[in-house]
Amino acid sequence: MAATDDRARKRPNSVWLTERPPLKRKAEQPAGLDLDKIVAATVRLLDAEGLSKFSMRRLAAELGVTAMSVYWYVDTKDDLLELAVDAVAGEMALPDESDAGADWRDQLRTLAVGYRDMLLGHPWAARLLGEFINIGPHSTAFSNATQRVMRRSGLEADQASGALASLFHFVYGFSTIRATHEARCRAADMSLDDYFEQVVAALSDRPEFAEMLEPSTRVGEVRRGGSVVEMLDRDFAFALDLQIAGIEAMRDGPAG
């Protein structure tokens, strides 16, 4: 019975569920240092160098303080990473819900595009979103907004969570693969367009890849001056339209 009670009392680890005593300034603490500045520096470092190179010592050096000064504000590196991922979640645009006549489809697009842009702008966030429970204020505000918009779609309550999963898992997968691809191109000091041209040139005379390369209009489009980024943006927009159309179809079909 005691073991069962222990399991019931155990909470998931999260900086948002940890109660820390109020900070009391110590004489040796650097002037001007606070948690907001630490989190902002963490985001800058993660954007510049990636998750694998991030360390508390590297962060302290960036801030011009000792590592112990940083630990005065957070208990662990994971706590700081959780704060950072919620900070970038605050960049995602939320729809204006004051207009009762606003189209829920447009509002879903706003949310989906904001999620994509956050993942592309901060590639390290994708992994952390899968490691933490994401209950910080910005993440919660985004989640609540998606729930409210989905309720306006007309789907039954027991369908809404699946619809949201379908939509945002698509955005997550699309954006994470693209961000990883872009990172590899940067590491090789080449653009997406250059990489695309190299791949097409390497495969164009190989018959086993002919069917895969058959949509030559896309290849020609890039070669005529369009960019790979423009092509990917159009693919995303069309795929997003398909997701929203699927929600409408399920709402209006026999199951709905």
Side-chain angles (χ1 to χ4, degrees), residues 43 46-47 50-52 81-82 84-95 104-136 138-147 149-150 153 155 159-188 191-193 195-196 199-200 203 209 211-213 215 218-219 221-222 226-251:
V43 171
L46 290 168
D47 287 345
L51 190 57
S52 62
L81 293 176
E82 193 174 1
V85 79
D86 190 68
V88 298
E91 299 175 6
M92 296 187 288
L94 303 182
W104 63 268
R105 303 164 190 81
D106 293 337
Q107 292 182 328
L108 269 187
R109 288 188 182 91
T110 295
L111 291 162
V113 169
Y115 190 45
R116 177 201 63 177
D117 291 347
M118 184 274 288
L119 290 169
L120 291 179
H122 308 285
W124 50 270
R127 175 178 165 185
L128 297 183
L129 287 171
E131 293 187 2
F132 300 124
I133 58 175
N134 305 307
I135 55 172
H138 296 303
S139 298
T140 299
F142 184 83
S143 178
N144 288 341
T146 66
Q147 296 283 352
V149 171
M150 189 57 75
S153 72
L155 276 180
Q159 298 173 319
S161 62
L164 286 171
S166 174
L167 175 61
F168 287 100
H169 288 181
F170 145 68
V171 179
Y172 178 92
F174 188 103
S175 305
T176 301
I177 291 173
R178 174 173 163 179
T180 302
H181 201 154
E182 290 176 348
R184 291 183 64 186
C185 288
R186 285 194 299 272
S191 68
L192 278 173
D193 295 326
Y195 181 75
F196 183 84
V199 170
V200 171
L203 302 183
F209 299 114
E211 187 175 1
M212 184 180 72
L213 294 178
R218 290 164 61 85
V219 176
E221 175 185 345
V222 174
S227 71
V228 172
V229 169
E230 290 170 345
M231 184 174 69
L232 291 172
D233 285 346
R234 280 193 294 274
D235 284 350
F236 177 85
F238 182 68
L240 180 55
D241 284 345
L242 290 178
Q243 290 283 328
I244 294 174
I247 293 171
E248 289 186 274
M250 293 300 295
R251 178 197 63 187

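Residues Y115 and L167 are not in side-chain contact: their nearest non-hydrogen atoms beyond the backbone lie 4.5 Å or more apart. A heavy-atom distance below 4.5 Å is found between the side chains of D47 and W124. Inter-residue side-chain proximity for N134 and E82 is flagged as unmet; no heavy-atom pair is nearer than 4.5 Å. F236 is not listed as a side-chain neighbour of L232, based on a closest heavy-atom distance of 4.5 Å or more. Between V171 and L111, the closest side-chain pair of non-hydrogen atoms is not below 4.5 Å. Contact of the W104 side chain with the I247 side chain is registered, since non-hydrogen atoms from C-beta on lie closer than 4.5 Å. Considering only heavy atoms from C-beta on, R127 stays 4.5 Å or farther from V85 through its side chain. Annotation: side chain of L46 is in contact with side chain of L81 (closest heavy-atom distance under 4.5 Å).
A salt bridge is absent between D241 and R105: the closest approach of a Lys/Arg side-chain nitrogen to an acidic carboxylate oxygen does not fall below 4.0 angstrom. Between D235 and R178, no side-chain nitrogen of the basic residue sits less than 4.0 Å from a carboxylate oxygen of the acidic one, so the salt-bridge criterion is not met.
The closest side-chain donor-acceptor pair between D86 and S139 falls under 3.5 angstrom.
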Next item on the list: List the steps and the verdict of side-chain hydrogen bond (donor to acceptor under 3.5 Å, both in side chains) for H138 and E91.
Entry: CA-CA 9 Å; H138 296 303; E91 299 175 6; over 6 Å; no
Notebook entry, point to check: What's the verdict on ring-ring contact (aromatic ring centres under 6.0 Å, His included) for F168 and F142, showing C-alpha distance, side-chain angles and the deciding distance?
Noted result: CA-CA 12 Å; F168 287 100; F142 184 83; 5.7 Å; yes
Next item on the list: Decide yes or no on side-chain contact (heavy atoms from CB on, under 4.5 Å) for L203 and M212, but give the supporting numbers first.
Entry: CA-CA 10 Å; L203 302 183; M212 184 180 72; 3.6 Å; yes
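Of all non-hydrogen atoms in L94 and A145, the two that sit nearest each other are CD2-CB, 4.1 Å. Here the closest heavy-atom approach between residue L192 and residue V228 is recorded as O-CG2, 3.9 Å. A125 and V88 make their closest contact through CB-CG2, 4.3 Å (heavy atoms, listed as atom of the first residue, atom of the second, distance). Considering every non-hydrogen atom in both A93 and T110, the closest pair reads O-CG2, 4.0 Å.
The main-chain N or O of G162 is never found under 3.5 Å from a side-chain atom of S166 such that the two would form a donor-acceptor pair. Side chain of S175 to backbone of Y172: no donor-acceptor contact under 3.5 angstrom is found.
From E248, atom CD reaches atom CG of L155 across 10.0 Å, with rounding to the nearest 0.5 Å. A distance of 9.5 Å separates OG1 of T146 from CE of M92, quoted to the nearest 0.5 Å. Separating the CD1 atom in I177 from the CD atom in E182 is a distance of 12.5 Å, to the nearest 0.5 Å. Taking CE of M250 as the start and OG of S153 as the end, the distance is 11.5 Å to the nearest 0.5 Å. Taking CE from M150 and CD from Q159, the interatomic distance works out to 10.5 Å, rounded to the nearest 0.5 Å.
Aromatic ring orientation, H181 versus Y195: perpendicular (interplanar angle above 60°, classes split at 30° and 60°).
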